[in-house]
Structure formats: structure tokens, C-alpha cells
Amino acid sequence: MSTSKKDFGMIGLGTMGSNLVLNMSDHGYTVAGYDKDDSKGKKLVKEDQANGNVTSFNKVEDFISALSTPRNILLLVPAGPIVDAVISEIKAFLSEGDLIVDCGNSHFTDTQARVDALAKENIHFMGVGISGGELGARLGPSIMPGGNKEAFHRLENMLKDVSAKVDGEPCTAYMGSGAAGHYVKMVHNGIEYALMQLIAESYHILKVHGGFTNSEMHETFTNWNTGRLNGYLIEITAAILSQKDDRTDGMLLDMIADRAKSKGTGVWTSTDAMSLPAPIPSIDGAVTQRTLSGLQQERWIAAEYIGKRTEPTICTDKETLVTELESALYAAYLIVYAQGLSMLQVASKVYDYGIDIATVASIWRGGCIIRASLLVEITKAYNDNPDLSNLLLAPAFAEAIKTGEQSMRKINSRAIEQSIPVPVFCNTLNY
């Protein structure tokens with residue numbers, strides 16, 4: 001085992017932390033890992049055996065001593081009090097100029113408070129949003145760092161190396177000062193909520209009104225993914241529609257309960273949008289629907305009390321329905337991105353972050369959950385006009401919005417007539 005000082009430290013060797021460490025090691029960086037569960041560290045070192053760049057510790061003093069100075073310490077632990085507990089645990093062993101990097105989903109106000117408090121002790125603190133899940137952490141996520149720019153430069157090369165690449169360009173860049181990194185990630189997640197809800201509503205229309213089988217919907221979403229709707233969420237929707245259930249003879253999707261949980265980032269997005277203010281009705285609607293879906297028992301009782309709805313009419317022209325829905329969904333995607341990016345512009349001014357919207361759109365092109373080919377055009381629109389106040393004012397999207405609006409009117413009308421709830425399609429059209 002090498003006794004040389006390590007380039008980086010990682011606190012939290014769960015799935016995300018371990019995968020990011022292995023990604024760093026693959027790119028030649030040496031890393032000291034710390035977790036109170038010694039078995040996680042040993043497992044990580046074994047997985048990195050071929051590279052030999054990783055050592056692990058379960059005592060904080062040994063971990064800190066293993067790092068080169070000034071120290072660069074990454075955290076991948078649950079957001080909230082645990083982050084503060086970790087900071088308290090390691091702070092006594094740190095020196096001026098050391099850097100702590102929170103790579104979790106912390107609330108941006110918590111991040112700003114930590115930045116301000118640690119700055120008084122001449123310790124840098126950065127909030128870095130990471131999107132892409134476990135696989136992204138291992139193979140290349142989209143990374144959104146914010147904080148002190150001088151401290152960022154100590155991470156810059158590593159972040160570029162481990163991030164996803166699109167046309168050879170890394171899906172990471174400096175987001176801005178203070179808590180900008182975590183703020184951008186929060187809005188990213190809000191956009192994700194809305195896009196997922198729009199896909200769910202599209203599925204509901206195809207299934208109930210269109211009478212589509214899972215196989216037919218799989219084919220529809222697969223075809224959409226070859227066109228202008230190409231993106232990760234459309235891709236995995238197509239995949240789940242063809243996935244068999246391993247416990248029954250049926251399809252997996254048909255076995256999943258009609259309720260969803262929320263990790264909080266969507267709620268945070270809606271809450272701060274109200275405060276700014278910045279209108280994001282599509283995201284607000286998606287957050288509400290998640291909460292409403294959780295009231296399953298109440299919904300069952302209400303169904304008995306109110307009585308059965310009118311039985312939907314099965315559409316006889318499936319081809320026209322698919323065409324209308326594709327146009328409506330594409331326009332809705334555009335409008336959701338427009339809401340999120342407009343919110344970032346407002347927040348950047350209010351909080352003095354200095355966020356560049358074209359840069360944000362650019363690093364979302366790959367690695368993250370909301371990656372989509374549409375973001376290439378969105379990036380170009382903001383590069384062409386850095387003063388663009390809202391994406392919907394970009395001439396490049398005028399025709400798609402015009403035709404998409406008509407399609408959304410038709411889709412919303414169809415859905416309402418068939419007793420199919422489409423709250424986010426409605427909110428998006430209203431916006």
C-alpha cells in the first residue's frame with residue numbers, strides 16, 4: 001500500500017461515494033476514503049485493486065493525515081444534519097485553506113450558511129450538484145459546482161475528467177458563487193419532476209384513451225426517442241414498457257403502485273420560486289401530483305363515495321393521437337425547460353450567483369437525468385442571445401411552440417372529456 005499523500009479524500013463510501021471514487025481512480029487520481037463502516041472501505045479498495053489508487057480509513061485522524069495539503073475533501077452523505085455532523089467531526093483536524101466539498105443534495109440555504117461560517121475560519125466550502133445516479137457517478141455524471149472560484153480551480157481538472165462528455169466537451173463547469181451549484185441542481189430536479197409527470201400523463205392517455213398495449217407504447221416511445229424527443233427519460237420509459245415482471249407472468253409496469261415519493265428537491269424548487277417570484281406552474285403541478293398520489297387510501301374511498309367516472313371512449317385513430325401527443329409533449333418539454341431556466345436567471349440576480357444560462361444548458365446535455373437532444377438547441381439559443389429572458393422568446397422555437405400549443409389544446413380536451421387527469425399538461429398550456 002502506497003504511503004504517499006492522496007490527491008482527494010471522500011467521506012461516505014456508499015454506492016454513490018464509492019462509484020465516484022472508482023471513477024476518479026480510473027482517471028489517475030489518488031483517493032483516501034473514510035467511512036465508519038470499515039467493510040465499505042475494504043470493499044472499495046478491493047474493487048480498485050487493478051489501479052491501486054485508493055486507500056480507506058475508519059478513523060478520521062488517519063484519514064486526514066493521508067491527504068496532501070491543502071486538503072480537498074469530498075462528502076457524499078445524506079443532506080441535512082449529517083453534513084453538519086461530519087463538518088464538526090473533521091474541522092478540528094483541518095488547516096487554513098483546506099476545502100470541503102458537499103456533493104449531496106443539500107438545500108441551498110444550508111450550503112450558503114456553511115460557506116459563510118467556514119469562510120470565517122479560512123476554510124473553503126463548496127456545494128456541488130451531481131446528476132446521473134449510481135451509474136453516472138461511475139461512468140460520467142453531469143456535475144454542477146458552485147462556490148469560491150479560487151477553490152473551484154483546485155477541483156476543475158478532476159471534475160472535467162470524471163464528468164460525462166458530449167462531443168468531447170465535459171458536462172461540468174463553474175456555476176457561480178455561494179450556493180449556486182446546489183441551487184442549479186435543485187432546479188434541475190424540479191425540471192425532472194415536471195418532465196416525468198408529462199411522460200406519465202402521456203402514458204395515461206395512450207393506455208386509457210388510445211387503448212394501447214404495453215408493447216405498442218414501447219414502440220411509440222422508442223420511435224419518439226429516435227426523433228426530437230430523444231432523451232434519457234423517454235429512453236427509460238420505452239425500456240420499462242418492455243420489462244417483464246420477475247415475480248409474475250405479467251409486465252413490471254402493471255405491478256407498480258400508482259403512488260410516488262418525493263425527496264424534497266421538487267418542493268424546494270416550488271417554494272423558492274414562490275419567494276423570488278418566478279412562475280413555474282408545470283413544476284408546481286408535478287410536485288402537487290406526487291403528494292396527491294400518496295393519498296392512495298383517500299382516493300380509494302373517494303372513488304367509492306363519488307361513484308364511477310364515465311367509461312373512456314377508445315380512440316379509433318391511433319396514428320393521429322400519437323402525432324398530436326408527440327407535438328404536445330415536445331412543446332411541453334420546451335416550456336418546462338423555459339420555466340426552470342428562467343427561474344435560474346431570476347435567482348442568479350436575487351442571490352448574486354452570476355449563473356450563465358447557456359453554460360447550465362450545455363452541461364445538462366449529457367450525464368444527467370434530464371439530458372435530451374433538445375438541450376443542444378437550447379444551449380445555442382442562449383449562446384446566440386445571452387440576454388434572452390425566456391426561452392419561449394427565442395425565434396428558433398416559435399414554430400414548435402405555435403404548433404405544439406394547438407396540439408396541447410387538442411390533447412387536453414381529449415383527456416378531460418375522457419376523465420383522464422392531465423394537470424401538468426394543463427398548467428403548461430396555461431403558462
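Please read these numbers as outputs of a predicted model, since none were measured by experiment. Note that these values count all heavy atoms, side chains included, but never hydrogens, waters or copies made by symmetry.
For the residue pair S362 and T379, no side-chain donor N or O sits within less than 3.5 Å of a side-chain acceptor on the partner. Between T30 and D7, the side chains place a donor N or O and an acceptor N or O closer than 3.5 Å (distance only, hydrogens not considered).
Under the ring pair (Phe, Tyr, Trp, His ring centres under 6.0 Å) criterion, F8 pairs with Y29, not counting sequence neighbours. Listed by chain and number, the residues in a ring pair (Phe, Tyr, Trp, His ring centres under 6.0 Å) with Y382 amount to none (sequence neighbours excluded).
Shortest non-hydrogen contact noted between S327 and R228 is CA-NH2, 3.6 Å. Nearest heavy-atom pair, A194 versus V424, reported as atom, atom and distance to 0.1 Å: O-CG1, 4.2 Å.
Test T109, D110, N105 against H107 for side chain to side chain donor-acceptor pair (under 3.5 Å) and you get one pass: T109. Applying the side chain to side chain donor-acceptor pair (under 3.5 Å) test between S270 and each of T288, T265, D284 identifies D284 as the sole match. For the pairing with H209, the side chain to side chain donor-acceptor pair (under 3.5 Å) check across H204, E417, R414 returns one residue only, R414. Checked against H27 for a side-chain contact (heavy atoms from CB on, under 4.5 Å), the options N157, V162, N53, N51 give a single hit: V162.
A salt bridge does not link R138 with E134: every distance from a Lys NZ or Arg NE/NH1/NH2 to an Asp or Glu carboxylate oxygen is 4.0 Å or more.
Classified by interplanar angle (parallel below 30°, tilted 30° to 60°, perpendicular above 60°), the ring pair Y183/F108 is perpendicular. Using a 30° and 60° split on the angle between ring planes, Y353 and Y351 fall in the tilted class, from 30° to 60°.
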